[in-house]
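Below is one structure, written out as structure tokens; comments come after it.
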Amino acid sequence: MDFKQSVKYAHIIAQAADNKQADNILAIDVHEHTPFTDVLVIASADNERKVKAICDEIEMLMKDNGRNTKRSEGQDRYHWVVLDFGGVIAHIFHEEAREYFMLEKLWKDCPTIDISTAIGRTQAHHETQEVGTSATLPSHD
């Protein structure tokens with residue numbers, strides 16, 4: 001999967017997370033820093049049931065768009081679920097786990113990807129966290 005395709009799928013993941021009222025949705029461009037993926041999408045929820053609903057919605061929308069989950073972890077407790085789609089990996093956290101692990105800080109030197117077009121609710125509700133600088137989206141020519 002190329003970077004442009006990974007960004008497209010990151011938008012789909014963000015939209016799916018937003019559909020189920022995820023908080024603090026963030027996409028990080030890691031393609032120059034790691035060989036195993038291009039984009040990380042991070043989101044959180046305030047309870048395990050919401051984390052599960054977000055994960056289910058992500059998997060359904062990604063499948064509708066031709067991508068199946070290659071690997072997943074954490075679906076036994078729904079505190080930190082990782083859904084690997086190849087070029088893009090979704091990390092869905094319970095709020096407490098997200099605060100504890102601070103995954104954003106690990107990738108703080110990487111640019112974020114503007115996913116605002118994928119998110120239907122107001123940004124104030126999402127309280128997007130800064131990680132590096134914003135990346136420019138590839139054009140969809």
Side-chain angles (χ1 to χ4, degrees), residues 1-123 125-141:
M1 177 183 317
D2 66 10
F3 180 70
K4 187 175 180 178
Q5 195 72 0
S6 296
V7 170
K8 173 189 162 195
Y9 288 125
H11 276 81
I12 293 167
I13 290 170
Q15 177 186 7
D18 187 63
N19 289 350
K20 294 299 178 181
Q21 302 176 346
D23 293 315
N24 302 319
I25 304 169
L26 176 68
I28 305 172
D29 171 1
V30 297
H31 85 279
E32 292 184 2
H33 299 276
T34 181
F36 61 85
T37 195
D38 294 328
V39 180
L40 301 177
V41 178
I42 304 170
S44 53
D46 59 3
N47 63 62
E48 290 85 4
R49 197 171 54 229
K50 240 182 180 179
V51 170
K52 179 182 182 336
I54 293 164
C55 293
D56 290 346
E57 182 78 358
I58 289 169
E59 288 185 303
M60 185 185 73
L61 273 184
M62 289 294 281
K63 187 173 183 176
D64 289 350
N65 283 276
R67 293 299 290 185
N68 290 318
T69 311
K70 291 183 176 219
R71 287 172 290 284
S72 64
E73 291 288 332
Q75 291 171 313
D76 55 338
R77 293 189 41 208
Y78 293 101
H79 282 267
W80 177 3
V81 178
V82 179
L83 303 172
D84 183 352
F85 296 96
V88 61
I89 298 175
H91 293 268
I92 311 303
F93 286 96
H94 185 285
E95 287 174 351
E96 292 170 359
R98 185 169 181 175
E99 289 173 16
Y100 179 81
F101 289 104
M102 297 188 300
L103 195 58
E104 295 92 332
K105 291 207 184 235
L106 178 65
W107 299 101
K108 69 181 181 199
D109 294 330
C110 298
T112 58
I113 295 171
D114 180 5
I115 54 170
S116 60
T117 58
I119 298 172
R121 296 179 294 137
T122 62
Q123 276 300 96
H125 185 74
H126 290 284
E127 302 173 20
T128 302
Q129 300 179 17
E130 289 184 30
V131 177
T133 59
S134 269
T136 304
L137 290 176
S139 64
H140 291 60
D141 302 339

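One finds the CD atom of Gln21 at 11.0 Å from the CD atom of Glu57 (value rounded to the nearest 0.5 Å). Atoms CG and CG, from Asn68 and Leu83 in turn, are 12.0 Å apart once rounded to the nearest 0.5 Å. Rounding to the nearest 0.5 Å gives a distance of 11.0 Å between CD of Gln15 and CD1 of Ile115. In this structure, the separation between CD1 on Ile13 and CG on Asp18 is 13.5 Å, given to the nearest 0.5 Å. Met62 CE to Thr69 OG1: the interatomic distance, rounded to the nearest 0.5 Å, is 7.5 Å. Expressed to the nearest 0.5 Å, how far CD of Gln5 lies from CG of Asn65 amounts to 9.5 Å.
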Identify every side-chain donor-acceptor pair in residues 38-46 under 3.5 Å, counting partners at least two apart or on other chains, and give the distances.
from, atom 1, to, atom 2, distance (Å)
Asp38, OD2, Ser6, OG, 2.7
Ser44, OG, Asp23, O, 3.3
Ser44, OG, Arg98, NH1, 3.2

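Annotation for Gly86 and Ile89: closest pair O-CG1, 4.4 Å, computed over non-hydrogen atoms. The two residues Ile28 and Cys110 make their nearest non-hydrogen contact at CG2-CB, 3.6 Å. Shown here for Gly74 and Val81, the closest heavy-atom pair between the two residues is O-CG2, 3.5 Å. The two atoms that bring Ile54 and Ile92 nearest to each other are CG2-CG2, 3.8 Å, heavy atoms only.
Within the structure, ring pair (Phe, Tyr, Trp, His ring centres under 6.0 Å) contacts touching residues 25-75 (residues at least two apart or in different chains) are Phe3-His31. For residues 71-93, the set of pairs meeting the salt bridge (Lys or Arg N to Asp or Glu O under 4.0 Å) definition, not counting sequence neighbours, comprises Arg71-Asp84. Within the structure, the ring pair (Phe, Tyr, Trp, His ring centres under 6.0 Å) test picks out the following pairs touching residues 65-88 (sequence neighbours left out): His79-His94, Trp80-His91, Trp80-Phe93, Trp80-Phe101.
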**OP:** Please lay out, stage by stage, how Asn24 and Glu104 fare under the test side-chain contact (heavy atoms from CB on, under 4.5 Å).
**Re:** CA-CA 11 Å; Asn24 302 319; Glu104 295 92 332; 5.7 Å; no
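Here Asp56 pairs with Lys52 under the salt bridge (Lys or Arg N to Asp or Glu O under 4.0 Å) rule; sequence neighbours left out. Annotation: salt bridge (Lys or Arg N to Asp or Glu O under 4.0 Å) contacts of Arg49 (sequence neighbours excluded): none.
Counting non-hydrogen atoms of neighbouring residues, nucleotides and ligands closer than 6.0 angstrom, the CD atom of Glu48 exceeds 12 such neighbours.
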